[in-house]
Amino acid sequence: MSAVVAFVPERTSWIAVTAVVAAGMVAAMQVGKGLIAGPLLQADLGLDLTALGWLTSVFAIVGVVGGMPAGAMVAAIGDRRMLGVGMGTLVLGIMIGAASPNFTLLILSRIFEGFGFLLVVVAGPAILMRIVASARRDLVFALWSCFMPAGMAIAMLSGSLFASWQTIWWINGLVALLSLLTVIAAVSPSQVRPRASAGGLLADMTATLTSRGPVLLFVLFALYSLMTFTLFSFLPILLVARMNVSLGTAGVLSALITLANVIGNLAAGTMLSRGVGRGRLVIAAATLMGASGLWIFLSQSGDTVTSALCVLFSAIGGLIPATLISTVPMLSPRPALAPMAMGLLMQGSNLGQLVGPVAVGTAIEAYGWTSGAAFIGAGALFCTLLATTLDRVLRTRVEEKA
């Protein structure tokens, strides 16, 4: 791939930023809708829990396999074009799903949705990198990192308003189509037109995978995702068991707890813009996530304490993705490889999302709820240890650029 000179604008296009962040949230809604529509899908299509699990995990599988290739496509074809392709694929998948009469076609539609989701979450940051002034990058990437919890929470809170899963799908398809049109209208195309070759692509992938910075971010995000989905995958069930509330109430509480993650996302942007060390921020967040997670799984605290700990776990955890996502451009081997490094980061996110629920679910069935503490404790420990090297890697990268 030809070399690309990074261009940093003097002013931030906030209309374009809003359109891109909204596209990310719409993409994340497609993950959340699968969770909230579970009972309706069971009643209509007769799906068991395993089938419902596949409808959600297919996103993670696509992400684990396609993260870096998606980044390569963005770098080779153009960020705006690939965001449009991603949103268009998302719309296509949603519409096919809404008309699906059986599980086979529905799971196929979710593969389309998963691929569209992946393109959106890799192309979005690439666009933000070129339309945001350097002084605003930490803040804007903190806003971007809100897309997942905000989108999932919106889907879970709004999904209960509809009587059929098909209606949920059609409404999401309409929202995705409107988001696509907004992106086309609000986001200007890049002036840089890189050309790709097979040899160049292989060299770029090798450069990314052999660079310490992107690999470190990949592992840190995988550990964060492992901790997060260890709790969130079974949060409604845990709340029902601990607080003796209805599943509907547990769903609302789960959405609100997920939304608390946004607090950490935005707080990270503020702290980073004020010069707080990125490694220190990740260490503090992982430590508090580990402590609160262990307390949740190991203690028999009452309703109020359990709810408060879940909110703390989610809110503090939001510091990590915002920090790691905003660090990608700084640790990419060169500016042109930032989308590929972002794709590798998304592979780490999806790896934790894929492995966590399966491993934790198996352990809980065999050893009970307390076994979940082992995954959170180990994830927090390794995340903390690795994060101690993050600031050193950043300093080394700055010295290499000087």
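Computed from a prediction, not measured in an experiment: that's the story for all the values here. Basis for what follows: all heavy atoms, side chains included, without hydrogens, waters or symmetry-related copies.
The line from CG of D79 to CZ of R130 is 4.0 Å long, rounded to the nearest 0.5 Å. Between the OG atom in S145 and the CG atom in L143 there is a gap of 7.5 Å [rounded to 0.5 Å]. Between the CD1 atom of I325 and the CG atom of L128 there is a distance of 10.0 Å, given to the nearest 0.5 Å. Taking CG of L344 as the reference point, atom OG1 of T208 lies at 7.5 Å (rounded to 0.5 Å). Interatomic distance, I296 CD1 to S307 OG, rounded to the nearest 0.5 Å: 9.5 Å. Between M129 atom CE and W144 atom CH2 the span is 10.5 Å, to the nearest 0.5 Å.
Judged purely by atom type and a 3.5 angstrom limit, S100 uses its side chain to pair as donor or acceptor with the backbone of I96. Listed for the S164 side chain is a donor-acceptor partner under 3.5 Å among the backbone atoms of T167. Formation of a donor-acceptor pair under 3.5 Å by the R212 side chain with backbone atoms of V393 is not found in this model. Between the side chain of Q347 and the backbone N or O of V64 there is at least one donor-acceptor pair closer than 3.5 Å. N172 places a side-chain N or O within 3.5 Å of a backbone atom of I168 that can act as its donor or acceptor partner. When atom types are taken as modelled, the side chain of N265 and the backbone of A268 share no donor-acceptor pair closer than 3.5 angstrom. With R110 contributing its side chain and W54 its backbone, the two residues share no donor-acceptor pair below 3.5 Å. When atom types are taken as modelled, the side chain of S109 and the backbone of I94 share no donor-acceptor pair closer than 3.5 angstrom. Remark: the backbone N or O of S314 is paired with a side-chain donor or acceptor of N261 at under 3.5 angstrom. In this structure a side-chain-to-backbone donor-acceptor pair under 3.5 Å is present from R80 to I184.
Contact record, C146 with L266: SG-CD2, 3.7 Å, taken as the closest heavy-atom pair. Summarising the geometry of F117 relative to A27, their closest heavy-atom pair is CD1-O, 3.4 Å, with the distance given to 0.1 Å. For the pair A163 and L40, the tightest heavy-atom approach, listed with the atom from each and the gap, is O-CD2, 3.6 Å. Closest of all the heavy-atom pairs between W169 and A98 is CD1-N, 3.4 Å. Of all the heavy atoms in V62 and I111, the pair that sits closest is CG2-O, 4.4 Å. Closest approach of P149 and V262 over heavy atoms only: CG-CG2, 4.0 Å.
Tested against R278 for a side-chain hydrogen bond (donor to acceptor under 3.5 Å, both in side chains), the candidates D391, D138, T323 yield a single pass: D138.
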Problem set entry | L386/V219 under side chain to side chain contact (heavy atoms under 4.5 Å, CB included): CA gap, chis, key distance, verdict | CA-CA 9 Å; L386 286 172; V219 177; 3.4 Å; yes
Exercise. Please walk me through it: do D44 and Q166 pass side chain to side chain contact (heavy atoms under 4.5 Å, CB included)?
Worked result: CA-CA 10 Å; D44 187 37; Q166 290 95 337; 3.2 Å; yes
Exercise. Can you check side chain to side chain contact (heavy atoms under 4.5 Å, CB included) on I316 and I263, steps first, answer last?
Worked result: CA-CA 8 Å; I316 291 297; I263 298 173; over 6 Å; no
Exercise. Given the rule in the side chain to side chain contact (heavy atoms under 4.5 Å, CB included) test, do V120 and F147 qualify, once you have shown the distances and angles that lead to the verdict?
Worked result: CA-CA 11 Å; V120 170; F147 82 89; over 6 Å; no
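The side-chain heavy atoms of F313 and L288, taken from C-beta on, include no pair separated by under 4.5 Å. Counting only heavy atoms from C-beta outward, the side chains of V282 and C383 approach each other to under 4.5 Å. Proximity of L139 to R136: side-chain heavy atoms (C-beta onward) are separated by under 4.5 Å at one or more points. A heavy-atom distance below 4.5 Å is found between the side chains of M271 and L319. A heavy-atom distance below 4.5 Å is found between the side chains of L272 and L281. Looking at L45 and N102, their side chains never come closer than 4.5 Å, going by heavy atoms from C-beta outward. Side-chain contact between V20 and V183 is absent, with no heavy-atom pair separated by less than 4.5 Å. Between M289 and I320, some side-chain heavy-atom pair lies under the 4.5 Å cut-off.
Residue-environment remark: CZ (F162) exceeds the threshold of 12 foreign heavy atoms within 6.0 Å. By the 6.0 Å contact criterion, CD1 on I15 is open, its count of non-hydrogen atoms from other residues, nucleotides or ligands being 12 or less. No more than 12 heavy-atom neighbours from other residues, nucleotides or ligands sit within 6.0 angstrom of CZ on F115. Heavy atoms from other residues, nucleotides or ligands lying under 6.0 Å from CZ of F112 number 12 at most.
Side-chain N/O atoms of T228 and S225 include no donor and acceptor closer than 3.5 Å.
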